[in-house]
Each structure stands twice: as C-alpha cells, then as structure tokens.
Amino acid sequence: MILTSDDVDDIIRILDSSFYDELRIKTDTFDLYLRRSPAGWTQETHTLSPPHMIGEAGAEAAPTIAAAKAAEPVEAEIDGVTAVRTPMGGAFYRAPKPGAPPFVEVGDEVGEHTVIGIIETMKLMNSISAGVVGTVIEIRVPDGRLVEAEQVLMRIRRSGA
Amino acid sequence: MNIRRVFIANRGEIAVRIIRACRSLGVETVVAASEADLDAVPARLADRTICIGPPRSSDSYLNVEAIVEAAVRTKADAIHPGYGFLSENVRLARACRARGLVFIGPSEANLEAVGDKLRARRHAVEAGLPLAAGGPVDSTGQAMALAERIGWPLLVKAVGGGGGRGLKLVSEPSRLAETVELAKAEAGAAFADSRVYLERFVASGRHVEVQIVGDGESVIHLGDRDCSVQRRYQKLVEEAPAPCLPERARSGMRQAAVAFGRHLKYLGLGTVEFLYDRNREEFYFLEMNARIQVEHPVTEAITGLDLVAEQIAIAEGRTLRLAQEDIRFEGCAIECRLNAEDWTRDFRPTPGRIEAAVFPAGPNVRVDTHIEAGSSVPPFYDSLLAKIIVRAAQRGDAVDRMKSALSACDVRGVSTNRDMHLALLDDAEFAAGGVDTAYFNRFLERRGSAPSAARNPL
C-alpha cells in the first residue's frame, strides 16, 4: 500500500509484456501479490506496518462483542421456552427511541409479529420480532448493549406449552 | 500557510484516500481511530494514529471536542473531515478556528448557507437557479393553498432531513393535512427541527450533480456526474459524465452550479445536486453538499485531477490554480460501490471479518478500499467495503471493463453486493444509459426480488 496505484499500473505494464503470470513484492511495510486471471490482473495487499499509536489510549483492546458473547452461559434447552436470537450483530435497543417506553417488559404477552427490540447495524435499524406466541420471561440484554449475531436477546414461554 | 501535518477525522476508504493524497504531497498524517478501528488499514498506513473514543460514532467520529483535542495534541496544522460524520459540521469548523487549526473544507458561512435546506433554497433563488415548485409551510390552510399551486402528487420534506429521511409522498388533497402534521412531529423527534416544506414530485427524475471548486472568489466546475442508481436514497453506481443528457441541460446545470458557487463565494470543493426531470427535460436545484463526496473518483478519472490535493491547496489559502479552460474531460468513468450486504436477503448488512480480498488491478481500473484479508468490518459504521472505478473512451467499453473488474473481485468472509452489480451491468435499461431514480426498484422487480417495505423509521 506504500505503492501508488500508478506504480502498480507500471508494474503490470511490465508484466504484461513478460511471460510471468504472478509477482509478489514483500517489504517490511507491505506485501503485494499480483496475478493474471481470466478477468485480467488482480491484486492482493497486506499492510504489514503496525499502527504508530500516540498516547496511552489504545493499549487496551476494544471492548469487543466477542467478550460479551464468551460470557454468555451455555443455553440449556428448556421445554416450552424459546430463546429469541438476533440474526445480526449490532447495538440492541429496547425502545423505538431514547426515552420512549420499551417495546416489551418481562411478563408481557407477545405474538409472532410483536416487535421486541431493534438492532442497529451499519446505520440501519432492523426490528426484531418475537417469532412465537407467548410470555416474555427474561430479557437477557440491556438497552444499548452491543450484541453479536445469534446472541440470545430474550426468552419467551410459549403459550400452551 | 503550508500545511505540514493533516489530522484525518474519518475512517474507512476515505481515510486511506486522504492518506495517499497527503503522502504524494509530502504531508504527514495523523488518523483518528475509534477503539474499533485501532488495527484497521488507515491506522497502519498513517504516520501516526490516535484513539479518539469508543466504537460508536457518537462517542468518537462525531465527537467534536475529542477530535479537536486530539488534533491539537498531535500538533496537526489542519483537519480533513472526509465525508459523512462531521464533514459539514459548522461546530467543527468553528472549533478548528478557535484552536488555530485549518478546517479543510468550506467557510463557516458556506456551511451555514447550505446546511439548512430552506436557506439553501433561498440562496438558489437569489442566484437565479430553477427550483422545483414548493415552499415552507406552517399552517394547514397555507399548506393546501401552496399544494394547489404545486399540483399533485407532491412531497412533504423535513428541513433537517436528507438522504431519504424525512420525506413523504402525498397523492391526494384529503391526505395533506394529516401528512404535514405527522411529518412535523416525526421531524421534530428525529432532527430536533419540526420545520417542513412542500415540493413538486417529479415522476421520472434523474440525480445529476455538478462538482465545483472555488477559492472564495473564483469558482469553476469539474463536470457532472449521474448518481441515479440508488436504493432508498443510497447511491450504488455513479458515472461521469452523466449519460444521455441533452447538451442544453448539461451546460445549463454546469452554469447554474457555478452561479450558485459564485453567489456563496464558495471556498473549497462542493457538489451542487440537481433533479433532472426526464419528461419535461428541465432541471431543478436540490441541495448542495459542502464536502468531498464518495463518488469523487469518477470526476478524477475523466479530468486527471486529484481533488483531495486541490482541497488542501485551497485550505492553504492559495487561489485556484486551474481556470475553466484548463479542465478537459476525457472518456467515461463508472464507479460501483461494493458493500457488505446480502442483496439476496433484502440487503441485510453483513459485518464480520474479511477472509480474502482480491481486487482488480491495472491501467484504467482503480480500487479505493480499506479492507484486506484479516480486516474487521465493524457493525458500527456504514457498509462500504470498496469502490471499483473504471474508465474507457466510450461508455459501453466502460461497462464491459467494469464487468471484468467486478469478475476479478473476490471478497470472502462477508456477503457483498458484487453479483448485484454484475446483474445490473447486464440489464438492458442500465446499458442504454440515463436511467431515473426509480430504476433500481424496477430492476429488482424484474429479477423477482421485489424490495420489501422500508424499515427505516422515517
């Protein structure tokens, strides 16, 4: 990535007039792999230089979602109880907007299409439905918390179960 | 003054793009990184990286105080805000001035003039630009009188909205009052600004925009772009020049954009957006974007300019080094936005980790990206992975070149919309050129994957 796009073009022009089908250039700071494919030349780059961090901040890793997931207990399947999982990672919101009452509380009856929360992923708001008819018995994730795909958000006791 | 060190208050591919421009100018870079981006490619490429806060944008890339503090601390001369985030934020521009930093962007007066849509409309009228019939509304009675003058259907737009947010279509008079009331309530909640205005609805419109650059006195244009291929107001494909446009309309829009820039005494790089009515063959001023745009590479491809370098030169206080007659347009350029989304599942975003990232290379192909094998695609930011840009003498050849370039793309670990782009490039209507903003939904319907109802709150 220290090479400019013009540099890469020049290298490819040279390769074009050669018998070579691939070229790897590796330095301390980058690794560039060029290859001739049926659709033309392709490039793969690895930036090898580490970040030059300023200040003490950043020494600690980001509070990753993975940590939250690791802490999650192994889910024992309980008869008649459905775990509502998020199909995607993101931020979980229990209410339609800050300050508004939550979509559902423990003890609420829900239907298949009842919205139980919102997952904000990549600037898009995705509503999450209960998926089953029943009663909310546990809310696993607090408002505003980051979740990973397939993480359990709530548990619902199915009606008639 | 000479800018020696630029602080980049952004992330992703535009941070990489700015680093590259600075490097070619011999300018040092410090990149701001949230905790989610400390190991990302921009952080590895920049001369220095500083953590500005937690992953969420509101705690990091949108935090004016944290950014200005970090820029001062790292002894930067100037802040480049990129696009999105704080790029058009007058508070950041003011804070820069207060701390002796150069804001690489328009003047505070420019930002204020175009940041408010009603004010921008007034400036456009003063500069003699054509506007779609419409105007602000307060009372229901006044709205009805205005609506009758505009004609049906019409749009109710929130002054604070944008990018498709805060927009409602009204087809019949009986629905006007309730729609205006609802729009005001929603706009108040979403944008803390309940003002709305009415505007004529153009049944078949194209999004055509003109790139301008000014030094506060002189203003020139760098040609037009077409960004009509959009899904829910998010652009997917952009091209320069706008294809299949009558010359009268093209030169009209270019002149109007320059007139608007001169009226504002515009400083720096900006884009004047127009709605081109395909049926009436007329154009209307929509708004101005006071920043570098995602799609700037298609303009660079046909003009040979480096727009970030031009931004920096103007921020250094130089006068325009280009005259209108120096600008030459050669060939056609197309850009496809490669996004981390699953287009077969209602465009669901797919954050994750990149396992492989193979991109096309070679003359007339450009890839602007911040991802490589091992990169993380965090769920906190937009889904743009890479921009693939191609250039050719003729539009048809550019379309073919883009097909090859996309075929050479192989990104693994997350779903991408690559195959959607390939299908689109094969679509006869796109190939013919000059599609309207309703085209993308028609394309999806033809393919039998009709879009589901909008889920966005507004």
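Everything quoted here is computed from the prediction, not taken from an experiment.
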Visitor: Please state whether the side chain, the backbone, both or neither of B/R366 comes within less than 4.5 Å of a heavy atom of chain A.
Guide: neither
Visitor: I'd like to know which of B/S404, B/S407, B/P363, B/P360 tops the heavy-atom pair count under 4.5 Å against chain A.
Guide: B/P363
Visitor: Answer with side chain, backbone, both or neither: which region of B/V31 has an atom nearer than 4.5 Å to a non-hydrogen atom of chain A?
Guide: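 Neither part.
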Visitor: Among B/K403, B/E341, B/R56, which has the most heavy-atom pairs under 4.5 Å with chain A?
Guide: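 Heavy-atom pairs under 4.5 Å are most numerous for B/R56.
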Visitor: Using 0.5 Å steps for rounding, measure from the CD atom of A/E105 to the CD1 atom of A/I139.
Guide: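 Interatomic distance, A/E105 CD to A/I139 CD1, rounded to 0.5 Å: 5.5 Å.
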Visitor: Taking atom types as modelled, find out whether A/D7 and A/T4 have a side-chain donor-acceptor pair closer than 3.5 angstrom.
Guide: yes
Visitor: Is chain B contacted by the side chain of A/R13, its backbone, both, or neither, given a heavy-atom distance below 4.5 Å?
Guide: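 It is the side chain, since no backbone atom gets that close.
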Visitor: Identify which of A/P96, A/S5, A/P50 forms the greatest number of heavy-atom pairs closer than 4.5 Å to chain B.
Guide: A/P50
Visitor: Where do B/P42 and B/H370 come nearest, in terms of heavy atoms and distance?
Guide: CD-CB, 4.3 Å
Visitor: Chain A heavy atoms under 4.5 Å from B/P378: which part of the residue, side chain, backbone, both or neither?
Guide: backbone
Visitor: Let me know if B/F359 has heavy atoms under 4.5 Å from chain A in its side chain, its backbone, both or neither.
Guide: both
Visitor: Measure the CG-CZ distance between B/L384 and B/R11 for me, rounded to the nearest 0.5 Å.
Guide: 9.5 Å
Visitor: Tell me whether B/R231 contacts the main-chain N or O of B/F347 through its side chain, where contact means a donor paired with an acceptor under 3.5 Å.
Guide: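 No: the side chain of B/R231 does not pair with the backbone of B/F347.
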Visitor: Check whether B/A408 gets within reach of chain A through its side chain, its backbone, both or neither, counting any heavy atom under 4.5 Å.
Guide: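 Both parts, heavy atoms under 4.5 Å.
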Visitor: Which bit of B/A46 comes within less than 4.5 Å of chain A, counting heavy atoms only: side chain, backbone, both or neither?
Guide: backbone
Visitor: Answer with side chain, backbone, both or neither: which region of B/S375 has an atom nearer than 4.5 Å to a non-hydrogen atom of chain A?
Guide: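 The answer is neither part of B/S375.
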Visitor: Measuring from atom OG of B/S58 to atom CZ of B/F380, what distance do you get when rounded to the nearest 0.5 angstrom?
Guide: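 Reported to 0.5 Å precision, the distance equals 11.0 Å.
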Visitor: Taking the six-membered ring of A/Y33 (Phe, Tyr or Trp), confirm whether the NZ or CZ of A/R24 is under 6.0 Å from its centre and within 45° of its axis.
Guide: yes
Visitor: Do you know which of B/A40, B/A43, B/A70 has the most heavy-atom pairs under 4.5 Å to chain A?
Guide: B/A43
Visitor: Measure A/I11 against the heavy atoms of chain B and call it side chain, backbone, both or neither at under 4.5 Å.
Guide: neither
Visitor: Keeping A/D31 on the side-chain end and A/H46 on the backbone end, is there a donor-acceptor pair under 3.5 Å?
Guide: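 Flag not set: sc A/D31 to bb A/H46 has no pair under 3.5 Å.
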Visitor: Scan B/V16, B/V414, B/L338, B/L385 and name whichever one has a side chain to side chain contact (heavy atoms under 4.5 Å, CB included) with B/I371.
Guide: B/L385
Visitor: Given heavy-atom pairs under 4.5 angstrom as the criterion, report whether the side chain, backbone, both or neither of B/D410 touches chain A.
Guide: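 For B/D410, no heavy atom lies under 4.5 Å from chain A.
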